[in-house]
Amino acid sequence: MVEKATGWRLFRKTVWGRAYPRIIGLSREPSWLFFEVVIPAIGLLAYLFIYKFLGGGSTDRTQTDILGLVILGGAAVTYWLNILWMMASQLYWDKQEGLLELFILSPTSLMAILLGMSIGGLVMATIRASAVMIFGIIVFSIQFSLAGILPALAAFLITMFALYGLGMMLSTVFLLWGRAAWQVSLALTEPIYALSGMYSPLNALKNPVLVAAAGIVPISLGLDAIRQLLLPSLFDGSPFSGVLNPWLEVGILFAAGVVFNIAAYILVKRVEWLAKVKASLSLRWQ
Amino acid sequence: MSAIIHDSPKKVVGDVAESLRTFKVASWLGWQIESNWADPFAFFVFSIMRPLGASLILVLIYGAVSGNNSQPEAFTYLYVSNAWFTLVVNTIVGLSWTIIDEREFYKMLKYVYTSPARIIPFLMGRGLAKIVIGMLTFVVLMGIGIIFFPMTLSWGAVQWGWLPVYFVLGMIMLVGLGLIMAAVSLRTARHGGSIGEIVAGLLLLFCGAYYPVDVLPDWIQKISLAVPVTYWLEGMRRATAGRVLAPVVEGHPSIMSQIGDLQLLGILVFCAVASLSFSIWFYKFVERTAKEAGVIDKVSNY
Amino acid sequence: MSTMLEDTTVAPAQGEAQTQEAAIAASPKPARKLAIKVENVSRTYNIKIDKKAKKEGKESKLLTALGGVSLEVEEGELFGLLGPNGAGKTTLIKIMTTLLAPSVGVAMVDGLDVVKEATEVRRRINMVSGGETSGYGILTVRENLWVWSQFYGLDSKVARQRIDELLKIVELEDKAGALVSGLSTGQRQRMNFCRGFVTDPKVLFLDEPTLGLDVHAARIVRDFTQTWMKQNPDRTVLLTTHYMAEADSLCDRIAIIDHGAVLACDTPSNLKRMLQKQPVFEIGVAGLNDGQLAALPRIPGVVRVTSESREGGSGYNLKFIIETEPVIGAVVSEITAQGGSILSLQKNEPTLEDVFIKLVGRSLSAEDKEK
């Protein structure tokens, strides 16, 4: 028999193999550049004008800062959509396509498949989010605090660690819930946008219980921290302020990330076993 | 065998009957697909969660900016517009998403095309479930808005005469827009979402859904005034509130306040007719190119 | 219309003479390792009932997809699994390929328990399903196959080499750089066929692999499977198919399964012999008169002869049921000695479809027609 890698070598090969279609897909279907970057970035302007209509952004500087807040939110939306549609629902669609059976059939772990999906998805989303940010910076002359760039990058990486851990968890849950789970993710899209502060500062929730609930989605605290670091002049307390100290938020995110990733691992094993016993892996349209 | 005479009255009647049958079956199918994953209550709750979330975003932005300085008229404008805009999204998405759904997930689009079923009535029927859900959502959103938020509305002010007129004209126009997006979907890959949703998001900027178009820079205002949805939303706001909402913007009378009811009616009639006619022609044109390129049944999974 | 020729011979000898084939089959063979062992495996499902049925007092039902199936497949065998739709073939394959857990019983592949040692089993197996259109449309054929090779831990260089070789064999090398989304169904199926072999499995499960392929492509697939097995005598293939001729020509042994139970398991010849123990030959003759024809049943070893006029009146088609195959030599000699000329000679055997119909009660094609 041909020699085959096992253990960590197999894990690594699987991660790269699963990430590959997502990364290469960007160059082969370039229409995403227009439909998922240019148009959404233009759509984000709508939120700037809401602020203007309601009396926020009285000066040019504040207006650009608000646009910066909105553009960062728009970039966060890219990641959240990636989590919902390219992570949480992906295994469900793979089941429909017959690919999931082939994944399970192979000697590699589902965790490696999920990690490959995460990394591929992260690369996809980052390219798109970066395109949104660059578009915003160039076209709308948004200025971020230079001193805040490196700390914001650190906060971003920790947020992604937590976010994609959540994504892996959700994808295993969706595997068993089937179409119902897909409908749930569709239904939760906008509520999560609202609660996570993607278009408004997180402190607009005003209620600590709501803020804590919003904090379950790593995007919320991550975005709040990144905004405080990159737009310090906007988050000076009036009318916007951060919920917590950004480094406290990053610490919470790191802990959440550990919990989500461990939970994802446990759930993968459990779900795989339950699916084999209940036979729901093999059934389409379920 | 007798020769078939084109465009005979019998054929026209036959075509209409065929179209109605297709529409009816597709409506049933659309409803089954939308609703069969949960019991009716759960289905209803999930259907309104997205628009509720969108409303919540606006409420939070309002809360963040206004603080202790309440602006009920501005909030009413924002909220009522958003509630009606739900119908815009649902109608456009309802039609355009059908192409993606049928082609990519159910892989049945090619069978629809090879059957005697008429594709445009099929798309309209399939999208009907989403449109109905949009209408129910509007009712729920308005109910929540009236009960929980400071809005300047009253039952007595509603213009019950204009409401159905603007509504019907608007739906014809929106169906046309949805058909245009469906045509675009025929020639683009699946990107985790739909063209309809993306364009509906873009419309938010231009059509005065969240703010009067006066707030926009001049050059964007010109685009807004060329978008049919702008006038429809104005019509629905007026009919709902019984007056022009936010008639003064930054100290000046708003653009929409200067358009009379009859003038608005004329604009909407024109938009409805133009939208539907153009969309049918456009769909047929794109469909022809899709057939030539052989992409009617192309799946774009990655 | 056929006529029974007068039979004046004595009744056939009591006890059957063993054919050469049966003798070989019966002789003790050296013990071979088992590639697949299924012991008393059952799989049941609870059928959910809707609220309306519950209100009517109906209770949830138990569906038995497999009921106590036992099978052994030796290493190096090309084993066929035949059965109508809903028989339990796919359920059995899913259990053997670790996709499904049995409700009762044990299944072992290459000596490993499919439930307890699933990961090890997966390293040694692969599966190709017929009519498979799965794959990443955005990737090329070569890339798709490479991705799957990585999930099995193959070295990329080795994988690429194997991919190129396999694509050449299935005549897909000119499509190696084409996007999968642009392939026809048959081309996708051939690509998926390669996916099954690229990982060099010890046990390969082919679930209707030629479904959707044209005659030429199906032949390539069959020929390659046979060649692969000859070159790798320690590899095993379990094949399910609806094409009887395919099963007959390819398989060393066949199990016929229906309603979750194995009805028969043996070589194709032995299965056919179940229906008809004595050889049957059809001979076209000319130049024999009625008297000479009447004498044919008296040839020693001939059990029965029927005759039918050939079209155009140019002779007769004679059907001989004989005790053993060598008797046919005596028959031919007698015909030629009597001055007759042999126009044609053909051995008639029951087909596998005949066996299937006898065991299952309906044919696969009739089942398709019923649908």
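Values below: every heavy atom of this structure, side chains too, minus hydrogens, waters and symmetry copies. Chain letters run A, B, ... following the sequence lines, proteins first and then strands; every chain starts at 1.
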A:Phe254 atom CZ: more than 12 heavy-atom contacts under 6.0 Å: no
Would you find more than 12 non-hydrogen atoms of other residues, nucleotides or ligands less than 6.0 Å from A:Tyr265 atom OH? no
I want to check something: taking the side chain as every heavy atom from C-beta on, are A:Lys13 and C:Tyr152 in contact at a cut-off of under 4.5 Å? no
Below 4.5 Å, heavy atoms only, C-beta onward: do C:Thr199 and A:Val2 meet side chain to side chain? no
Quick one: pull up [atom1] in [X] and [atom2] in [Y] and give me the separation to the nearest 0.5 Å.
X        : Y        : atom1 : atom2 : answer
C:Leu99  : A:Leu100 : CG    : CG    : 8.5 Å
C:Asn192 : A:Leu102 : CG    : CG    : 7.5 Å
A:Trp16  : C:Phe151 : CH2   : CZ    : 12.0 Å
C:Asp155 : A:Lys4   : CG    : NZ    : 13.0 Å

Heavy-atom distance under 4.5 Å to chain A: side chain of [X], backbone, both or neither?
X        : result
C:Thr140 : both
C:Glu143 : side chain
C:Ile95  : neither

What residues of residues 101-116 of chain C make heavy-atom contacts with chain A at a cutoff under 4.5 angstrom? C:Ala101, C:Val114, C:Val115
Contact residues of residues 156-166 of chain C (partner chain A; heavy-atom separation under 4.5 angstrom): C:Ser156, C:Val158, C:Arg162
Show which side-chain atoms of residues 206-213 of chain C pair as donor or acceptor with protein atoms under 3.5 Å away, not counting sequence neighbours.
{"from": "C:Asp207", "atom 1": "OD1", "to": "C:Thr240", "atom 2": "OG1", "distance (Å)": "2.5"}
{"from": "C:Thr210", "atom 1": "OG1", "to": "C:Glu246", "atom 2": "OE1", "distance (Å)": "3.4"}
{"from": "C:Thr210", "atom 1": "OG1", "to": "C:Glu246", "atom 2": "OE2", "distance (Å)": "2.8"}

Quick check on A:Leu105 against chain C: is it the side chain, the backbone, both or neither that has a heavy atom closer than 4.5 Å? both
Is A:Phe11 close to chain C through its backbone or its side chain, or both, or neither, when contacts mean heavy atoms under 4.5 Å? neither
If you count heavy-atom pairs within less than 4.5 Å of chain A, which of C:Thr90, C:Val121, C:Asn144, C:Leu154 leads? C:Leu154
Is C:Arg122 reaching over with its side chain to a backbone N or O of A:Ile104, donor-acceptor style, under 3.5 angstrom? yes
Keeping to residues at least two apart or across chains, list the salt bridge (Lys or Arg N to Asp or Glu O under 4.0 Å) pairs with something in residues 226-235 of chain C. C:Asp200-C:Arg235
Scanning both residues in full, the closest heavy-atom pair of C:Gly153 with A:Leu10 reads N-CD1, 3.2 Å
Shortest non-hydrogen pair, A:Gly17 vs C:Gln150, comes out as CA-CB, 4.5 Å
